[in-house]
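Heads up, the thing below is written out as structure tokens.
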Amino acid sequence: MNQLPFDEKLNIGYLSRLFDDTSNCYKFFWFQAILRKLEPDKTAFTYEELINEMIADAWYMVTEYHLRLGPYGVKDNLEEAVKYLAETTPFLPSEKRSTIIAHLESNDDRELAVYKKELIKNVPYRIQSPFLDEIKVGKREWYRPEELAQLINRQKHLLYYYEEYQQLSTRICINDSWVPYLLKNKEILLGWMRLNLIYYLQRRNPSVPGIADKLSAPQARDIERVRKYWKLIIDLRPDIRDIYGHIELADEKISVDHFVPWQYVAHDELWNLHPTTKSINSSKNNGLPDWNTYFEPLSRLEYLSYKLSKDNSKVAEAFANIAKYHLNNDEVIKRLYCDGLTEPIFKERLCNVIQPVYNAARNNGFKLWKYEQG
């Protein structure tokens, strides 16, 4: 996907270098905002319009997934703008983009305006660096936005041009030569941008799994197979209790919980799934269960499932069916689901699988959680 569609009238090489030497996330979100808003009859946008789109696009990955958007040790202003918005509004991570954008458009919060103004200092200009082959921008000029916009406007064949500088009200106008290409290839360009964003985020969040699944709110996931699997086990062993509230599950409509939150692992692997009640699962949300309190009962429950999958033909058949969907690591399958494991060995191996993921989630800002009755 690094090969962009050819156009005989345009220098696609300029566009293909858009994300070269990217040290921060702004270029990805700025370009995505332009593509999102571009329509045949809408080819000019204010800085503030695009910044609002950027904040809305970063909302879920910051508030729900705790992703770092900037380099370590550097205060990333897009990330900080999202965090400030989360602290000063009642919005949940799952809030609709349209609601967030509407709030940003109507809000007169001065602190939020400061974040927005910080974000327009560089990205509207730096992103066009690959196009600048006829003019030279000195070090000082990069920090004088009004003069910089006038200087860059002298360059031919830019992606867009700048109207009179008015801080957040400054408008960019997409070059008429580029509009048909951007519109025709919008989905391809968005995919190309997202691929580059994934590579960038993987470098900035090396211990976080499933980056590709964390660019936006997840689609509905199907873990009904796992729920039915555990229901079968509970029917065979009606004494089974939930690991958090010690509630008997035989008469409950069970819910499937990710021990390490899905918001971190971004997968539905069987070793991280177990039954609980709907109310407890809702209470837990994306909390990280206290290890010292809950790993022991989790291990006992998972071992019970393991033993039944070896000793009971119905459970063995059900296990074989869901393994195709919910066990995707061959090394884990060999170590954790091989024949003849005693409970202490199973517990040790389960710990070796889960604990590194658990610790990484904790280091990435997921808060510890304990169940409180009622």
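The residues E48 and K116 are annotated as salt-bridged, a charged nitrogen and a carboxylate oxygen being separated by less than 4.0 angstrom. A salt bridge does not link D7 with K9: every distance from a Lys NZ or Arg NE/NH1/NH2 to an Asp or Glu carboxylate oxygen is 4.0 Å or more. With respect to the salt-bridge test (charged N to carboxylate O, under 4.0 angstrom), the residues E302 and K347 do not qualify. A salt bridge is defined here as a Lys NZ or Arg NE, NH1 or NH2 lying under 4.0 Å from an Asp or Glu carboxylate O, and K42 with E49 meets this definition. At a threshold of 4.0 Å, the pair R97-E53 counts as salt-bridged, since one of the basic side-chain nitrogens sits closer than that to a carboxylate oxygen. Classification of R227 and E224 as a salt-bridged pair holds, one side-chain N sitting under 4.0 Å from a carboxylate O.
Taking the centre of each ring, F28 and F19 come in below the 6.0 Å mark. Ring pair H103/F91: centre-to-centre distance below 6.0 Å. For W142 and Y125, the gap between ring centers reaches or exceeds 6.0 Å. Ring centroids of F259 and F295 are separated by 6.0 Å or more, keeping the two rings apart. Checked against a 6.0 Å centroid threshold, the rings of H66 and F366 count as neighbours. For F31 and F29, the ring centers sit 6.0 Å or farther from each other.
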Item to complete: Decide yes or no on side chain to side chain donor-acceptor pair (under 3.5 Å) for D268 and H258, but give the supporting numbers first.
Response: CA-CA 8 Å; D268 300 314; H258 293 70; 2.7 Å; yes

Item to complete: Walk me through it: do K231 and D235 pass the test salt bridge (Lys or Arg N to Asp or Glu O under 4.0 Å)?
Response: CA-CA 6 Å; K231 184 67 170 66; D235 286 344; 2.9 Å; yes

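Inter-residue side-chain proximity for Y337 and L270 is flagged as met; some heavy-atom pair is nearer than 4.5 Å. Inter-residue side-chain proximity for K27 and L18 is flagged as unmet; no heavy-atom pair is nearer than 4.5 Å. Proximity of P209 to H267: side-chain heavy atoms (C-beta onward) are nowhere separated by under 4.5 Å. Counting heavy atoms from C-beta on, the side chains of H157 and S177 never come closer than 4.5 Å. Residues V62 and L67 form no side-chain contact, since every pair of their non-hydrogen atoms from C-beta on lies 4.5 Å or further apart.
Sorted pairs that involve residues 315-324 and meet side-chain hydrogen bond (donor to acceptor under 3.5 Å, both in side chains), not counting sequence neighbours, are lacking altogether.
Using modelled atom types, one finds a donor on one side chain and an acceptor on the other under 3.5 Å when comparing H274 with D257. Counting only N and O atoms by type, the side chains of Y371 and D242 include no donor and acceptor under 3.5 Å apart. A donor-acceptor contact closer than 3.5 angstrom is absent between the side chains of T88 and D109. With no hydrogens or angles considered, a side-chain donor-acceptor pair links N328 and E269 at under 3.5 Å. Checked by atom type, the side-chain pair Y244/E372 shows no donor-acceptor distance below 3.5 Å. N286 and K367 form no side-chain donor-acceptor contact under 3.5 Å, judged by distance and modelled atom types alone. A side-chain N or O of Q155 and one of D133 form a donor-acceptor pair less than 3.5 Å apart.
Using a 30° and 60° split on the angle between ring planes, Y47 and W30 fall in the perpendicular class, above 60°.
Checking K37, R36, R194 one by one against D57, the salt bridge (Lys or Arg N to Asp or Glu O under 4.0 Å) holds for a single residue, R36.
A donor-acceptor pair is defined here as one N or O able to donate and one able to accept, closer than 3.5 Å; such a pair exists between the side chain of E79 and the backbone of L69. Between the side chain of S129 and the main chain of R126, a donor-acceptor pair closer than 3.5 Å is present. In this structure, Q128 contributes its side chain and Y160 its backbone to a donor-acceptor pair below 3.5 Å. Side-chain N or O atoms of Y14 include none that pairs as donor or acceptor with a backbone N or O of L158 at under 3.5 Å. With hydrogens and angles disregarded, no donor-acceptor distance shorter than 3.5 Å links the side chain of E147 to the backbone of E141. Counting only distance, with no hydrogens or angles, the side chain of N175 and the backbone of L159 share no donor-acceptor pair below 3.5 Å. Here the side chain of N205 pairs a donor or acceptor atom with the backbone of L201 at under 3.5 angstrom. Between the N185 side chain and the I188 main chain, no donor and acceptor come within less than 3.5 Å of each other. Between the side chain of Y358 and the backbone N or O of W291 there is at least one donor-acceptor pair closer than 3.5 Å. Side-chain N or O atoms of N329 include one that pairs as donor or acceptor with a backbone N or O of E331 at under 3.5 Å.
A cation-pi arrangement is present between R225 and Y325 under the rule of less than 6.0 angstrom and at most 45 degrees off the ring axis. Relative to the six-membered ring of Y264, K214 meets both conditions, a distance below 6.0 Å and an angle of at most 45° to the axis.
Environment of CD in E164: sparse, with no more than 12 heavy atoms of neighbouring residues, nucleotides or ligands closer than 6.0 Å. No more than 12 heavy atoms of other residues, nucleotides or ligands shown are found within 6.0 angstrom of CG on D251.
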